[in-house]
Every structure is written in structure tokens, then in C-alpha cells.
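Bear in mind the structure is a predicted one, so any value in this text is a computation, not a measurement.
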Amino acid sequence: MEEKLIARLESAVARLESLSTGFGSRGLPAFDDDTAAASSSDPSILAFDDLISQYLGRVSSAAEEIGGQVLEVTNVLQEAFNVQKELLIKAKQTQKPDPAGLPEFLKPLNEVMVKANALTEGRRSEFFNHLKSATDSLSALAWIAFTGKDCGMSMPIAHVEESWQMAEFYNNKVLVEYKSKDPNHVEWAKAIKELYLPGLRDYVKSHYPLGPVWSATGKPAAAPPKAPTPGAPAPPPPPPASLFSSESSQASSSRPKEGMAAVFQEISSGKPVTSGLRKVTADMKTKNRADRSGVVSAGEKGRSNSPSFSKAGPPKLELQVGRKWVVENQIGKKQLVIDDCDSKQSVYVYGCKESVLQIQGKVNNITIDKCTKMGVVFTDVVAAFEIVNCNGVEVQCQGSAPTISVDNTTGCQLYLSKESLGTSITTAKSSEINVLVPGAEPDGDWGEHSLPQQFVHTFKDGHFETTPVSHSGG
């Protein structure tokens, strides 16, 4: 037993020594030998090593089998946990910072989170749900920012649980999509959940239920950067917003105005704002120009009524690599049809507006992303129908769909057939969701049901009970 403990301590010391050489690159000071030795024998640090090796190691093993973007985001996930370990060690040697100095202390962790968020930006990839699951889960590591009951965030244990709930929406999508396709993806999704529940939650519960432990006699925390002196060169642009940053000390009224606010500010200043404008002479007026008249030609009328193209890119409706139908940037097209499809193909609709798409045949899954006033009529899906980041969408299912999910969407009408009444509908961060179902009689009226978007939480018998607010259309 003693030999096993000694080997474990030696392994921890070796890991700390290897990590200490890289602390300076992330703004964390290298620890001396006494600090490294004390940290290696600290029960909370040893327990965090066990958390990384037991739970995070399982996630990494599954990611290595998958590769690609899943492995990339998993490496960032591992980097974030390593940085949190470094911060826990540093906290034990540092006095508790004030609210202004806490963001500076947590800056290394925030930088890793910004790196993870960057992986989800741009065009949606094949592994979008993996990326969102891992990235959203990292907010659980912000438990280390808890400084007391008045700090504006939940207790550390509750914060970890609440943060995972945000990530679980996308993690469940991975489980559903790959349940019968690839066990490595299923293993990855299960492992990343266990990393937080019970992994990180139980760790925080055992060692830091009231937040990080600071040293009463340690070094003072690093102060935030001072404002530049007059005449100094301008600082670089600020990084993306921090998850831990406190409210800016600079009042909004003292900030330079941008956009239309700058225009109104200049007008109200009383300065001669029209002095720089170009004067319009008589020959420049439309009524005096020979090349312009009030008659609109047939050609001009035709161009004005034609649908405009999206600024995001050219319109697309094509089958890529024989597996994925891509419908992008279609504006004002009411006759879009996909009729040559099979159950192994997927359909991805992105950036369309005021258009109607018909999908005639069974496909594996359908995703509608960032569309406005879009109509979709489909027959059958094998896995799921997803609506993400949309506004004003109407969807009609003529066959069956085991799962329909609506995420971050305002205004959605779902028309279900009799074959699809058993579907599971999942909503998150969405409003104005109505589901219409056929009546009992063949010629009967459709029944409209509003899905709840507000809930009531009441504390009874030691726990909260959640019930949806009733809707008149339900």
C-alpha cells in the first residue's frame, strides 16, 4: 500500500514539474520546488489528477478513435482542465483577489474557453453537436470564480450541474444520431457527461463546496493592467468578452459613440455638420437629366421584381459527396424540390429566406439553420428533424419523424400527420412554438397546441416542482 502511494506521489511531482515550465506562457508563474512538493501532496490536487486520468482520459480515448474536429475540441477540453488545475495550485499560494483583480487571475482559463468557442463559429460542420457539447460544458469550470453568496453566481456544485444542462441538449443529439451508426461517438458522448456528472460535481462537492481556497499569507493577486498614460501608443483591440469579467468601470456615457449614435451626437453638438457635404447643382437633379425619365421600362420592372441574392454567398441546391443535400442562400424561391434522395442522405438548409422546400422521399435527417420565413414539407426522416437559429418557420411532416428539435428559434409552426403523432419534440431557448395535429374525422379541423415557453417553479417537500404555464391554445 505504501509503495503504491509513493509511486503515485512521484508521478504527481513529475507531472507538476513538467507543467511548471509552461505556466509562464499562459501568464501563470512557475512554482518553486517547495510549492511543487506541497501541491503534489495536497489531497485536492491529487483528487483532480484522478479526475483527469479517470474521466477525461476516457473522453480522450474515444476522441482519438474518431479524430478530426472531435479530437481537436477534446484537446482544448483537456487543456482547460489542465489550466484549472494550475489555477487551483496558484490559488493556494495567492491571497484572495478583489473583484477587479479576479478576471486577471482567471484570464488563462478564459483564453482557453475563447479558443473553444472559435471552433463552433463559421459554417456549421458535420460535428457541430460535438463541438457545442464540449464548448458549452466548459462553462462548468467557471465554478472557480465563486467568491461568495453575493458574487452573482450559483454555489459551485449547483453551477456545475446547471452548466452541464446547457451542454446536454447537444450531447443528447450526438447520442441519438450515432446510436446505431458508430459506438465511438456514443462512448464519447457518455464519457463527457460523466466527466461533469458525477466527475467534476463530486470533486467540487468533496473539496471546494464553498469555492476555491485562497492563502491568507500568500502573495497578492496580480492587479489588472493600468490605463495607458497620455501620449502612449494605443492599446490593441480588446479580446472577446470574458465569462468572468466584471462590469466595466468606464461609464457608457464616456465611451466614444459608434454608428448612428455618433451621428446624433455630432448633430446635437452644434457644429456645422453639413460643411463637408457635396452640393447638388441644377444639372445633377433628376428632373433636369436627359438620361433619366419617370417611365420604367419593362426590363427595369423585371429586375426589380426578381428575387434578390443573399449577401452571404451564392445560392446552392446540390448533393455533396453523394451523402448530403445542401440548400443555401435561397431567397424568394417557392418551388425548391429534392426528389432524388434515400434514407442514407441528409439535408442541410442554411441562410434561406422567404422560400419553400419540398423533400420527396425518406432521408436520414434534416437540419434548418439560420432561415427566415422558410417553409419545409418533407415525407419521412430516419433520425431527426432539427430547427436551429431560425425566425418564422413552417414545417409539415407528411410521414413519420421520431424526433423534432427546435433550438433558439422564434416563431415555428409544426404540422404533424397521423403517422407522426408519436414524435418526441424537444425545445430550448425558443418561443411561439405551435403544433397542429389532424382532427379525429378525415375532414375535421386541425387542432392547434401551443408548447409552453414559461414555467413555474415552487418549493415543496424539500425540492422544486416545475410546471408549465397554461396556454389558451393548449
Student check: side-chain heavy atoms of [X] and [Y] closer than 4.5 Å:
X	Y	value
R323	E126	yes
T372	C390	no
V381	K362	no
F81	F48	yes
L451	N434	no
I359	V377	no
V435	L416	yes
V349	V347	yes

Hey, does the side chain of [X] reach the backbone of [Y] with a donor-acceptor pair shorter than 3.5 angstrom?
X	Y	answer
N184	E65	no
N75	L71	yes
S430	A428	yes
E354	K333	no
T423	A401	yes
N129	K173	no
D380	S400	yes
H159	S139	yes

Separation between [atom1] of [X] and [atom2] of [Y], rounded to the nearest 0.5 Å:
X	Y	atom1	atom2	answer
L175	E187	CG	CD	10.5 Å
L197	D202	CG	CG	8.5 Å
F105	D98	CZ	CG	13.0 Å
Q84	L106	CD	CG	9.0 Å
Q345	I366	CD	CD1	11.5 Å

Flag for [Y]-[X]: side-chain donor and acceptor within less than 3.5 Å:
X	Y	result
N364	S346	no
S420	S417	yes
E162	S154	yes
D407	Y170	yes

Heavy-atom closest contact ([X] atom, [Y] atom, distance):
X	Y	answer
V186	Y178	CG2-O, 3.3 Å
A167	S133	CB-O, 3.4 Å
A134	I192	CA-CD1, 3.8 Å
P156	P209	CD-O, 3.4 Å
Q330	S355	O-OG, 3.1 Å
K334	V356	O-CB, 3.6 Å

Whether H185 and H130 hold their rings parallel, tilted or perpendicular, with breakpoints at 30° and 60°: perpendicular
How are the rings of W143 and Y203 set relative to one another: parallel (under 30°), tilted (30 to 60°) or perpendicular (over 60°)? perpendicular
Aromatic contact between H463 and F459, with the criterion being ring centroids under 6.0 Å apart: yes or no? no
Would Q69 and S125 satisfy side-chain hydrogen bond (donor to acceptor under 3.5 Å, both in side chains), going step by step from the backbone distance to the final call? CA-CA 9 Å; Q69 289 183 313; S125 72; 2.9 Å; yes
Is the Lys NZ or Arg CZ of K324 less than 6.0 Å from the centre of Y348's six-membered ring, within 45° of the axis? yes
Is any side-chain N of the basic residue among K373 and E394 closer than 4.0 Å to the acidic one's carboxylate O? no
Inspect the contact between E386 and R124 and indicate whether a charged nitrogen and a carboxylate oxygen are less than 4.0 angstrom apart. yes
How about [atom1] on [X], more than 12 heavy atoms from neighbouring residues, nucleotides or ligands closer than 6.0 Å, or not?
X	atom1	result
Q335	CD	no
K179	NZ	no
K205	NZ	no

Check step by step if side-chain contact (heavy atoms from CB on, under 4.5 Å) holds for F385 and N365. CA-CA 6 Å; F385 186 99; N365 68 285; over 6 Å; no
Among V395, I338, V363, L357, find the one that has a side chain to side chain contact (heavy atoms under 4.5 Å, CB included) with F378. V395
